[in-house]
Amino acid sequence: MGADRPTLARRERSALVRSLRAAGPDAPTLCEGWTTRDLAAHLVVREGRPDAAAGVLVPALAPRLEELRLREADRDWDELLDRIDGGAPWYSPFRYADQVANAAEYLVHHEDVLRAREVWSEREFGAEDLDRIWSLATTVARTVLRRVPARIELTTPPGVRLERGRAVTAGAAVAPVVSVTAAPVEMLLWAFGRDPVHVDVSGPEDGIEAVLAVSRGI
């Protein structure tokens, strides 16, 4: 990536803000029960209140996280979007780990907005971005599939070529072998539990059932 080119995280943040402005505050998203306003409020709290953001993973903190999110949702719509576009505040660790912590977050939530429309299409990314997205996707997928009683091979379709990406295995170290085949963005969305996505799961029936039964998303 050129020294002057914004990171994938920064570009997806800006693109998401543009999509949110175009959609308005009351549009649906792929996040169940959330409108675009709800999603925007979540992003503001996640970066602006790291003390509460752990509620995404820690059930005991979830009520506080939701309380703050609802409070932010009452803000003026344009103010919410300006806060997202401006990045995390100076005191937030997300400001200094933007490239690591936010690339998947903003890409997935951008697709949450785009794919909630009646008509949508897959976006195109350059080779360097696809390698980065594949790395993120397989890292998340290996996490959610680690206890599946099957050996899972994560691969891209024949027409998708990555410069540095390669097939990745997850799950148990023994057969049966199940193949999960998807382009990088589709694999990332699938690993985060999103639908609709273009993913093919093939192999022995019991292995497929085990993969499809796992609770995806982190």
Side-chain angles (χ1 to χ4, degrees), residues 7-20 22-23 27-36 38-40 42-43 46 56-57 84 98-146 148 152-162 164-171 178-203 208 210-218:
T7 64
L8 176 64
R10 179 67 249 186
R11 283 180 280 126
E12 282 300 299
R13 179 193 296 271
S14 298
L16 171 58
V17 170
R18 290 194 297 271
S19 293
L20 287 169
T29 73
L30 294 187
C31 299
E32 186 176 357
W34 278 8
T35 64
T36 41
D38 293 315
L39 175 56
H42 159 74
L43 292 171
R46 174 181 175 270
V56 173
L57 300 174
I84 295 171
D98 184 63
Q99 185 173 357
V100 175
N102 286 331
E105 178 81 6
Y106 278 89
L107 195 156
V108 169
H109 283 319
H110 191 190
E111 293 294 329
D112 284 336
V113 174
L114 297 176
R115 299 191 185 206
R117 301 170 178 172
E118 290 187 6
V119 179
W120 61 272
S121 58
E122 294 181 29
R123 292 187 290 154
E124 294 185 1
F125 290 85
E128 187 173 358
D129 283 341
L130 288 176
D131 280 329
R132 171 67 173 150
I133 295 167
W134 180 250
S135 176
L136 292 168
T138 52
T139 297
V140 176
R142 290 179 68 181
T143 299
V144 300
L145 296 170
R146 64 189 183 280
V148 174
I152 305 153
E153 185 177 52
L154 308 172
T155 64
T156 56
V160 177
R161 295 183 178 180
L162 302 177
R164 294 188 298 275
R166 56 182 177 79
V168 174
T169 58
V178 178
S179 293
V180 178
T181 304
V185 173
E186 303 302 298
M187 185 70 77
L188 181 64
L189 293 171
W190 181 81
F192 270 92
R194 297 311 199 262
D195 288 305
V197 292
H198 299 146
V199 173
D200 178 70
V201 182
S202 61
I208 293 175
V211 169
L212 296 181
V214 73
S215 177
R216 290 175 284 123
I218 57 174

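No hydrogens, no waters, no symmetry mates; every other heavy atom, side chains included, goes into these values.
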Could you tell me which non-hydrogen atom of L39 sits nearest to which non-hydrogen atom of W34, and how far apart they are? CA-CE3, 3.9 Å
Shortest non-hydrogen separation from I208 to V178 and the atoms involved: N-CG2, 3.9 Å
Report the C-alpha separation of V197 and E111 in whole Å, then their side-chain angles, then the decisive distance to 0.1 Å, and conclude whether the side-chain contact (heavy atoms from CB on, under 4.5 Å) test is met. CA-CA 10 Å; V197 292; E111 293 294 329; over 6 Å; no
Nearest 0.5 Å, please: how far is CZ in R146 from OG1 in T143? 6.5 Å
Shortest non-hydrogen pair, A191 vs V144, comes out as O-CG1, 4.1 Å
What closest approach, in Å, do Q99 and A9 show between heavy atoms, and which atom pair accounts for it? CA-CB, 4.1 Å
May I ask you to test the R115-R194 pair for a side-chain heavy-atom distance under 4.5 Å? no
For T138, what residues pass the side-chain contact (heavy atoms from CB on, under 4.5 Å) criterion, not counting sequence neighbours? W134, L154, V168
Could you tell me whether the side chain of I133 reaches within less than 4.5 Å of the side chain of L8, counting heavy atoms only? yes
Cationic N near anionic O, under 4.0 Å, D98 to R10: no
Side chain of S135, backbone of D131: donor and acceptor closer than 3.5 Å? no
Would you mind reporting whether L30 and P196 have side-chain heavy atoms less than 4.5 Å apart? yes
Which atom pair, heavy atoms only, marks the closest approach of A167 to T155? CB-CG2, 3.8 Å
ring-ring contact (aromatic ring centres under 6.0 Å, His included) partners of residues 101-130, not counting sequence neighbours, each pair once: H42-H109, W120-H198
Taking atom CG of L130 and atom CD of E124, what is their separation to the nearest 0.5 Å? 9.5 Å
Hey, could you give me the OG1/CG distance between T29 and D38, rounded to the nearest 0.5 Å? 7.5 Å
Test of understanding: with side-chain contact (heavy atoms from CB on, under 4.5 Å), list the residues that count as partners of A104, not counting sequence neighbours. L136, L188, F192
So, taking the atom named CG in L16 and the one named CG in L107, what distance separates them when rounded to the nearest 0.5 Å? 10.0 Å
Show your working on side-chain contact (heavy atoms from CB on, under 4.5 Å) between R132 and R164 and close with a plain yes or no. CA-CA 9 Å; R132 171 67 173 150; R164 294 188 298 275; over 6 Å; no
Atom pair CZ (R123) and CG (D129), whose distance is rounded to the nearest 0.5 Å: 10.0 Å
Between T36 and P28, what is the shortest heavy-atom contact and its length? CG2-O, 4.3 Å
